[in-house]
Amino acid sequence: TTNTIEFTEPNGSYAYAIETPISDGTGIQYVLSQSKGTLTVNGADININVSYTKQYYLTIIASPSNGGTVSPSSGWYNAGSSVTIEAISNSNFEFVSWSGTGNGSYSGTNNPVSIKINGPITEKANFTELYEITFTETGLLPGTIWYVNLSNGQSYNTTSNSIEIQIPNGSYSYMIATTNKEYSAQGGSLIVNGANLEISIKFNLVTYAITFTESGLPSGYWYVNITGQPSSGPI
């Protein structure tokens with residue numbers, strides 16, 4: 001239990017092994033880079049310096065386990081060292097945040113991020129599942145660009161008749177727009193609750209009121225004909 005161990009031996013060659021690692025509680029250990037060797041006693045005392053390095057255990061996990069991969073693997077790291085942790089989401093998931101505990105840990109949304117191993121640390125990568133939302137439009141001229149703008153700040157556009165997006169559970173509002181100002185469509189709201197959704201978007205021609213006001217006629221009927229439209233009347 002002291003910092004020296006002494007042997008008294010006659011001249012000769014000896015192999016030795018020094019205990020490593022030595023535990024100092026949960027998540028703490030001391031290790032030697034070289035724990036075995038040989039020595040030769042030849043008429044004189046010998047002093048051998050044994051230098052242990054303190055290490056802490058880093059536990060790194062993905063939550064849920066099928067949400068993605070994390071690096072590096074859980075393991076022992078030298079005290080005071082820096083380690084870069086990274087989370088990569090699987091298909092249909094996205095990375096949300098790190099939840100860390102322990103001296104030098106990190107909690108937040110940066111990814112990848114460097115942590116300082118100042119004690120035993122647990123880092124949990126939080127992933128959230130995504131669901132497919134399909135917006136399908138009708139009424140637009142082929143090749144027209146149209147947009148879906150979500151309340152979370154995401155925006156999507158296409159010239160085809162459908163837009164597919166992936167978002168997590170939650171409540172959203174959306175707006176619909178197009179580069180062809182002759183058409184418009186109403187936005188709305190949606191709730192994602194553990195399932196895919198399909199939303200139909202109907203574009204309509206933008207119409208304006210045209211009012212013909214006559215004066216000078218005696219009481220009776222009069223008509224207005226607009227090219228391509230049925231007659232309006234009698235009035």
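Quick caveat: nothing in here was measured; it's all calculated off a predicted structure. Only heavy atoms go into these numbers, but all of them, side chains included; no hydrogens, no water, no symmetry mates.
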> Could you check whether any side-chain N or O of Tyr106 sits under 3.5 Å from a backbone N or O of Thr109, counting only pairs where one atom can act as donor and the other as acceptor?
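Looks like yes, one N/O pair under 3.5 Å.
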> Distance alone, cut at 3.5 Å: any donor-acceptor contact between the side chains of Lys54 and Tyr56?
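Side chains of Lys54 and Tyr56: pair found under 3.5 Å.
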> Which heavy atom of Val70 sits nearest a heavy atom of Ala125, and at what distance?
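Closest pair (atom of Val70, atom of Ala125, distance): CG1-CB, 3.5 Å.
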> Taking C-beta and beyond as the side chain, do Thr144 and Tyr183 meet within less than 4.5 Å on heavy atoms?
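No; the side chains remain at least 4.5 Å from each other.
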> Below 6.0 angstrom between ring centroids: does that apply to Phe135 and Tyr174?
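Under 6.0 Å, so yes.
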> Is there a path of hydrophobic side-chain contacts, each under 4.5 Å between heavy atoms of I/L/V/M/F/W/Y residues, joining Leu39 to Leu32?
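Result: yes, single cluster for both.
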> Assess whether atom CG of Asp45 is packed by more than 12 heavy atoms of other residues, nucleotides or ligands within 6.0 Å.
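Counting neighbours around CG of Asp45, 12 or fewer heavy atoms of other residues, nucleotides or ligands fall under 6.0 Å, so no.
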> Are Leu141 and Ile163 grouped together when hydrophobic residues (ILVMFWY) are joined by side-chain heavy atoms under 4.5 angstrom apart?
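Cluster IDs for Leu141 and Ile163 match.
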> Could you pull out the closest heavy-atom pair between Ser74 and Tyr57, with the gap in Å?
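Scanning both residues, the minimum pair turns out to be CB-OH, 3.6 Å.
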> Would you call Thr59 and Ile61 a side-chain contact if the rule is heavy atoms closer than 4.5 Å?
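Yes; the side chains approach each other to less than 4.5 Å.
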> Do you see a donor-acceptor pair shorter than 3.5 Å between the side chains of Gln29 and Asp24?
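No - no donor-acceptor pair under 3.5 Å links their side chains.
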> Roughly how far, to the nearest 0.5 Å, is CD1 of Ile28 from OG of Ser23?
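With rounding to 0.5 Å, OG (Ser23) is 8.0 Å from CD1 (Ile28).
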> Within the structure provided, determine whether Leu150 and Val148 are in side-chain contact (heavy-atom separation under 4.5 Å).
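The answer is yes; the side chains approach within 4.5 Å.
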> Using a distance-only test with no angle check, is there a side-chain donor-acceptor pair under 3.5 angstrom linking Ser13 and Thr40?
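Distance-only check passes for Ser13 and Thr40.
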> As an exercise, state the distance from CD1 of Ile60 to OG of Ser105, rounded to the nearest 0.5 Å.
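Here the rounded value is 12.0 Å.
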> For Glu198, look at atom CD and say whether over 12 heavy atoms of other residues, nucleotides or ligands are found less than 6.0 Å away.
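No, the 6.0 Å shell around CD holds no more than 12 heavy atoms from other groups.
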> For the residue pair Asn161 and Glu137, confirm or rule out a side-chain donor-acceptor distance under 3.5 Å.
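Short answer, no.
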> At their closest point, which heavy atom of Gly27 faces which heavy atom of Pro120, and how far apart are they?
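For Gly27 versus Pro120, the nearest heavy atoms are O-CG, 3.5 Å.
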> Side-chain heavy atoms nearer than 4.5 Å, only ILVMFWY residues, links allowed to pass through others: does that put Phe93 and Ile167 together?
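They do not share one cluster, since no chain of ILVMFWY contacts under 4.5 Å joins Phe93 to Ile167.
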> Quick one: side chains of residues 126-133, donor-acceptor pairs under 3.5 Å with protein atoms, not counting sequence neighbours, listed by atom name and distance.
residue, atom, partner, partner atom, Å
Asn126, ND2, Ser97, O, 3.2
Asn126, ND2, Ser97, OG, 3.2
Asn126, ND2, Ser99, OG, 2.8

> Quick one: OG1 on Thr158 to CH2 on Trp146, what's the gap to the nearest 0.5 Å?
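It is 7.5 Å, given to the nearest 0.5 Å.
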> Output the distance between atom CH2 (Trp98) and atom OG1 (Thr122), rounded to the nearest 0.5 Å.
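The CH2 atom of Trp98 sits 12.0 Å away from the OG1 atom of Thr122.
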> Do Ile115 and Glu123 have side chains that get closer than 4.5 Å, going by heavy atoms?
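Yes, close enough: below the 4.5 Å cut-off.
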> When you measure from the side chain of Asn90 to the backbone of Asn66, do you find a donor-acceptor pair of N or O atoms at a distance under 3.5 Å?
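Yes; judged by distance alone, with no hydrogens or angles, the pair exists.
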> Quick check: does any side chain N or O of Trp76 sit under 3.5 Å from a backbone N or O of Tyr30, one acting as donor and the other as acceptor?
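Side chain of Trp76 to backbone of Tyr30: no pair is present.
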> Just list the side-chain donor-acceptor pairs under 3.5 Å for residues 202-216, sequence neighbours left out, or say none.
residue, atom, partner, partner atom, Å
Glu214, OE1, Leu217, N, 3.3

> Could you check whether any side-chain N or O of Thr178 sits under 3.5 Å from a backbone N or O of Ile145, counting only pairs where one atom can act as donor and the other as acceptor?
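Looks like yes, one N/O pair under 3.5 Å.
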> When you measure from the side chain of Ser189 to the backbone N and O of Tyr172, does any donor-acceptor pair fall under 3.5 Å?
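Flag not set: sc Ser189 to bb Tyr172 has no pair under 3.5 Å.
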> Taking CD in Glu9 as the centre, count heavy atoms belonging to other residues, nucleotides or ligands within less than 6.0 Å. Is the count above 12?
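Atom CD in Glu9 is packed in, count exceeds 12.
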> Using only atom types and a distance under 3.5 Å, with no angle test, would you say the side chain of Glu164 pairs donor to acceptor with the backbone of Gln166?
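Not confirmed, Glu164 side chain does not pair with Gln166 backbone.
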> Determine whether Ile117 and Val83 make a side-chain contact, defined as any pair of heavy atoms from C-beta on separated by less than 4.5 Å.
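Yes, close enough: below the 4.5 Å cut-off.
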> Do the side chains of Leu197 and Thr134 get nearer than 4.5 Å, heavy atoms only?
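Result no, sub-4.5 Å side-chain heavy-atom pair not found.
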> Going by distance alone, is a donor N or O of one side chain under 3.5 Å from an acceptor N or O of the other, for Tyr156 and Gln154?
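Yes, a side-chain donor-acceptor pair sits under 3.5 Å.
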> To the nearest 0.5 Å, what is the distance between CD1 on Ile48 and CD1 on Ile18?
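Atom-to-atom, Ile48:CD1 and Ile18:CD1 are 7.0 Å apart.
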> Measuring from atom CD of Glu94 to atom OG of Ser89, what distance do you get when rounded to the nearest 0.5 angstrom?
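Rounded to the nearest 0.5 Å, the CD-OG separation comes to 7.5 Å.
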> Which atom pair, heavy atoms only, marks the closest approach of Asn169 to Gly194?
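Where Asn169 meets Gly194 most closely, the heavy atoms are OD1-N, 2.7 Å.
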> Any donor and acceptor pair, going by atom type alone, linking the side chain of Ser81 with main-chain N or O of Asn78 inside 3.5 Å?
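Answer holds: yes.
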> Check whether Ser35 reaches the backbone of Ala17 with its side chain - one donor and one acceptor, N or O, closer than 3.5 Å.
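Answer holds: no.
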> Could you tell me whether a side-chain N or O of Thr84 sits under 3.5 Å from a main-chain N or O of Ser114, the two making a donor and an acceptor?
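Flag not set: sc Thr84 to bb Ser114 has no pair under 3.5 Å.
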